[in-house]
Asker: 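Just passing along the structure, written as structure tokens.
Order of listing sets the numbers, starting from 1, for every ligand and every atom in it. Model, not experiment: these values are computed from the prediction. These values consider heavy atoms only, across backbone and side chains, with no hydrogens, waters or symmetry-generated copies.
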Amino acid sequence: VETTVARTVLAARGLRATPQRLAVLTELMRERGDITAQALHERLREGGAAMGLATVYRTLSALVEQGVIDTLTHGPQLCYRFCSPEHHHHLTCRVCHRVVEILECGFGDWAEAVGRQHGFVDVSHTVELLGRCGNCREAAD
Ligand SMILES: [Zn+2]
Ligand SMILES: [Zn+2]
Ligand SMILES: [Zn+2]
């Protein structure tokens, strides 16, 4: 079922469903938080997918470029996540990589106004909120 969904998602973005892309995307769909390329690579190997780390990076880049997956920058290494296609923000736990997608957005008008002040049009924005989730509240940074 997941592979079928992955195929549909790739087709919608005009990407060929190569075995690498299907494997990477399917694994990302199973992840509720976000994940680094290295951790994803390990997980794929454990699952029996023979794919080099360089291939994982290349595949992730292609998916990011086409807007299929998001990158998150809260850690020392870039994290990746399969999110909903609508405009959203990430509320991310610094400790355990739990990610909550926030669909309500209060930044649109503000971003437009700031842009206009400086003569910009078509202003878009990305906002990441970081914190410690309920499970990690007691844990030290
Ligand atoms: Zn996202
Ligand atoms: Zn946490
Ligand atoms: Zn927003």
Asker: List in chain and number order the residues that pass side chain to side chain contact (heavy atoms under 4.5 Å, CB included) with His88, two or more places apart in sequence or in another chain; answer none if no residue qualifies.
Answerer: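 Once residues adjacent in sequence are excluded, the partners of His88 under the side chain to side chain contact (heavy atoms under 4.5 Å, CB included) criterion are Asp70, Cys83, Ser84, His90, Glu101, Leu103.
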
Asker: State plainly whether the residues Arg30 and Glu27 are in salt-bridge range, i.e. N to O under 4.0 Å.
Answerer: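 So Arg30 pairs with Glu27 through a salt bridge.
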
Asker: Side chains of Thr73 and Glu128: donor-acceptor distance under 3.5 Å anywhere?
Answerer: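 Yes, Glu128 and Thr73 have a side-chain donor paired with an acceptor closer than 3.5 Å.
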
Asker: Can a donor-acceptor pair be found, under 3.5 Å and without considering hydrogens, that links the side chain of Arg21 to the backbone of Arg16?
Answerer: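 Between the backbone of Arg16 and the side chain of Arg21 there is a qualifying donor-acceptor contact (under 3.5 Å).
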
Asker: Measuring from the Zn ion (ligand 1), name the closest N, O or S atom belonging to Asp70.
Answerer: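 For Asp70, the N, O or S atom at the smallest distance from the Zn ion (ligand 1) is OD2.
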
Asker: Within rounding of 10°, what is the angle whose vertex is the Zn ion (ligand 1) and whose arms end at NE2 of His90 and SG of Cys83?
Answerer: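 Seen from the Zn ion (ligand 1), NE2 and SG are separated by roughly 120°.
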
Asker: Check the Zn ion (ligand 3) and write out every protein N, O or S atom at under 2.8 Å, as residue and atom.
Answerer: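 Near the Zn ion (ligand 3), below 2.8 Å, one finds His87 NE2, His89 NE2, Cys105 SG, His125 NE2.
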
Asker: Which residues satisfy the side chain to side chain contact (heavy atoms under 4.5 Å, CB included) test with Arg32, sequence neighbours excluded?
Answerer: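 Once residues adjacent in sequence are excluded, Arg32 has no partner under the side chain to side chain contact (heavy atoms under 4.5 Å, CB included) criterion.
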
Asker: Considering only heavy atoms from C-beta outward, does the side chain of Glu31 approach that of Arg43 to under 4.5 Å?
Answerer: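 Side chain of Glu31 against side chain of Arg43, heavy atoms only: contact under 4.5 Å found.
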
Asker: Is it true that a side-chain atom of His89 and a backbone atom of Val127 form a donor plus acceptor pair closer than 3.5 Å?
Answerer: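 Such a contact is found between His89 side chain and Val127 backbone.
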
Asker: Does His125 use its side chain to pair, donor to acceptor, with the backbone of Gly108 at less than 3.5 Å?
Answerer: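 No, the answer is negative, given that no donor and acceptor are paired below the 3.5 Å cut-off.
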
Asker: Are the side chains of Val114 and Val123 in contact, using a 4.5 Å heavy-atom criterion?
Answerer: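 No; the side chains remain at least 4.5 Å from each other.
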
Asker: Run through the protein N/O/S atoms less than 2.8 Å from the Zn ion (ligand 2) and write them out by chain and number.
Answerer: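 Listed by chain and number, the nearby protein N, O or S atoms are Cys93 SG, Cys96 SG, Cys133 SG, Cys136 SG.
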
Asker: Assess the residue pair Arg58 and Thr55 against the criterion (side-chain contact (heavy atoms from CB on, under 4.5 Å)); give the C-alpha distance rounded to whole Å, side-chain angles, the decisive distance to 0.1 Å, and a yes or no.
Answerer: CA-CA 5 Å; Arg58 209 179 322 117; Thr55 306; 3.9 Å; yes

